[in-house]
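What follows is a single structure, written as structure tokens, with notes after it.
Protein chains get the first letters and strands the later ones, always in sequence-line order, with residue 1 at the start of each.
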Amino acid sequence: MDRKTSLLDTCAALIRDPVGLGRDDPRRVLHDHGPVLLLIALASAAIFGGVVGTYRGGLQLLYASIKLPLLWVVPVLVTLPAVRAFHRVCGIEVNYGQVALAVLVGCARSALLLAVASPALWLLFSVNVDYHWAVLVLCGSVLASGAVGLATVARVLPGSGAAKVLANALAALAVGVVVAQSGWVLRPFVARPRADVAFLRPVESNVFASTLASWRSARGRYDGWDARPEGLLATPPALAKETP
Amino acid sequence: MGGVPQPALRGASPPSRPTTPICAPSVPAVLAAIGGLGLFGLSAAIGAPSPQVIAAISTIPVAGLVGAMVLTGPALVAGHLFLRPNVATETPVAALGQGLTAAGSVALGIAPAALFLVATTGLWPLVLVAGFAAVGLSCAGVTLQMLRRATGDSPGFVVGWAALAALVALRVAVAVGQTALEVL
Amino acid sequence: MNDVVHLPALWIGIGATYLVVGATVAWVLGRRGVRSAVAVSALGCWPLLLPLLSAGPPPSASGPLCDRIDRCAEDLRSTMSDPRAESVVVVEDLDELVADLHRADQRVGMVDALVVDVRASSGDAPGLAALLAARARAAAEVEAVVQGMVELRLSIGLRSLAGNTVPVQERLGDLRARLGALDEITEFDLGRTL
């Protein structure tokens, strides 16, 4: 690993040989490449967010550019200890440094691929695609990119056989749940063209209840959906009444 | 060394699988595991509606898991002493300790994710139940794996013990939950 | 009772705790001499950089003499590029010498990190003394070659005064050969130790 690491070198290493980054001492790579990897992840997600914001335009461009990097980094920070715990309980000896590096590499690689593919998304959004289709395409892009990120994490971390499959499946489940809920909390990313622009919507219900309601609606059962404030982040009903 | 393989003796038992001795975890590791269970319980229970309920609910993982180990551990040790004379006496205790430390590390690992989900959703009971199940399965899985390594095979009674321990853990957890509901 | 739990103060407390931990990690890393970019990154993303807090200085791909090598190479390059120096040294030769020097220096740095790790885990393990002696010899050789680069710079000055009688090119070759011999010495040491 060269002492002087440029942004371009790290991007090339991320795309060509992410496993090579994990071969060296994790502490050394985190020290030499950590800030650059973080910068790549945040900047790439911000570029993608900007492209997503073009669907509504205006202030949503800025809001989406701020929120997409959060969607990429918050789940990583929250689930990092879980990823390590799942690997260790499956009998794969990994230290915290290896997991942190693998997760950072996976995060940066997936965000970089999203940023590279974002012109295609811009092209689609620029032809006034239907709002629901726009949301679906965004979800699909995030899913595909997340799968690439998780596959990268699996490749960088050691282990083999059924234990590795189980550990990575558990890690994917934990990361997937947290990413889905983070996306729900940080919505809207794709705002309707005539809707008011808001940085965040009130914390209410959860992504699982919303998905269930959408599933019911798709099957023709319109039971209605009561999106009540939930969780510690939600504004208490008493305060909500006072707020105009 | 490299000689002609000897034919197996008639009536001799098949060669057993190689065994690996188990080291009992250190006291700080066990305490850290219990701390991890407590932290996970607190992370999940913090969404409960009152401080008293939070206090009661947050003890469910520790009470359920440690309670089940204390109540069913002697059965595991006695079963091994009775059925496996060649296995060291401390082996089942060491395996239980390893299972507890694994459960503690999983609990500690999922605590931040549990806190995040509880903070942004009203699903704290689901988070608690799912996390407790993950922790319990980790504990049982590692204990069984350790015993299998130490004894060379997996006797049926160990699987039966795991089922008994799971039922006891559930009963203890339900008892603690009922106490919390009475407080509420 | 419900409102007691749902007060936003709880969430603010969690957020503030996260930031305070981040600031503490950044401060500790800063005191250990890590790059400022790493310390700044730790402010917001400290869970990812926690491994850098483990015992010992952060391992770097560079060796202990890295800065000195770079400084000497820079000085030598500027002397060579001076139009009055009439230097015949090919720049590629110098680049190769500097790359060799960095490689040898990185090996010394790797041994330093290894010694710290071994001492932390198992004290003065047998064989450590031999490794330390080999490390001292390698470091001395690297230092001697760096010193040779300083002398080479003086030779270029002398050459500009005395004409083409000072064999600058040959001296550069000697320095590379000396570094090459370092590998053989280390190999010999290794063979003797094992």
(message) Please classify the contact between B/Val142 and chain A as side chain, backbone, both or neither, with a heavy-atom cut-off of under 4.5 Å.
(response) side chain
(message) Does any backbone or side-chain atom of B/Leu117 lie under 4.5 Å from a heavy atom of chain A? Answer side chain, backbone, both or neither.
(response) side chain
(request) Search all heavy atoms of A/Ala85 against all heavy atoms of B/Val106 and return the closest pair with its distance. (result)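 Looking at all heavy atoms of both residues, the closest pair is CB-CA, 3.7 Å.
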(request) Check A/Val89 against B/Ala102 and note the closest heavy-atom contact, atom names and distance. (result)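 Between these two residues, the closest heavy atoms are CG2-CB, 3.9 Å.
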(request) Select, from A/Pro75, A/Pro81, A/Cys90, A/Gly91, the one with the greatest count of heavy-atom pairs under 4.5 Å involving chain B. (result)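 If we count pairs closer than 4.5 Å to chain B, A/Pro81 comes out on top.
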(request) Answer yes or no: is there a side-chain heavy-atom contact under 4.5 Å between A/Phe86 and B/Ile110? (result) yes
(message) Enumerate the ring pair (Phe, Tyr, Trp, His ring centres under 6.0 Å) contacts for residues 62-81 of chain A, please, sequence neighbours excluded, ordered by first and then second residue.
(response)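 For residues 62-81 of chain A, and leaving out neighbouring residues, the ring pair (Phe, Tyr, Trp, His ring centres under 6.0 Å) pairs sorted by first residue read A/Tyr63-A/Phe199.
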(request) Drop me the distance from A/Arg84's CZ to B/Leu108's CG, to the nearest 0.5 angstrom. (result)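 Separation between the atoms: 9.5 Å.
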(request) Would you give the length of the straight line joining atom CH2 of A/Trp184 to atom OG1 of B/Thr121, rounded to the nearest 0.5 angstrom? (result)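 If I round to the nearest 0.5 Å, the distance is 12.0 Å.
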(request) Heavy-atom distances under 4.5 Å only: say whether A/Val83 touches chain B with side chain, backbone, both or neither. (result) neither
(request) Show your working on side-chain contact (heavy atoms from CB on, under 4.5 Å) between B/Leu126 and A/Phe208 and close with a plain yes or no. (result) CA-CA 12 Å; B/Leu126 186 65; A/Phe208 314 106; over 6 Å; no
(message) Using only non-hydrogen atoms and a strict under-4.5 angstrom cutoff, which residues of residues 145-180 of chain A touch chain B?
(response)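 Expected list: A/Val177, A/Val178.
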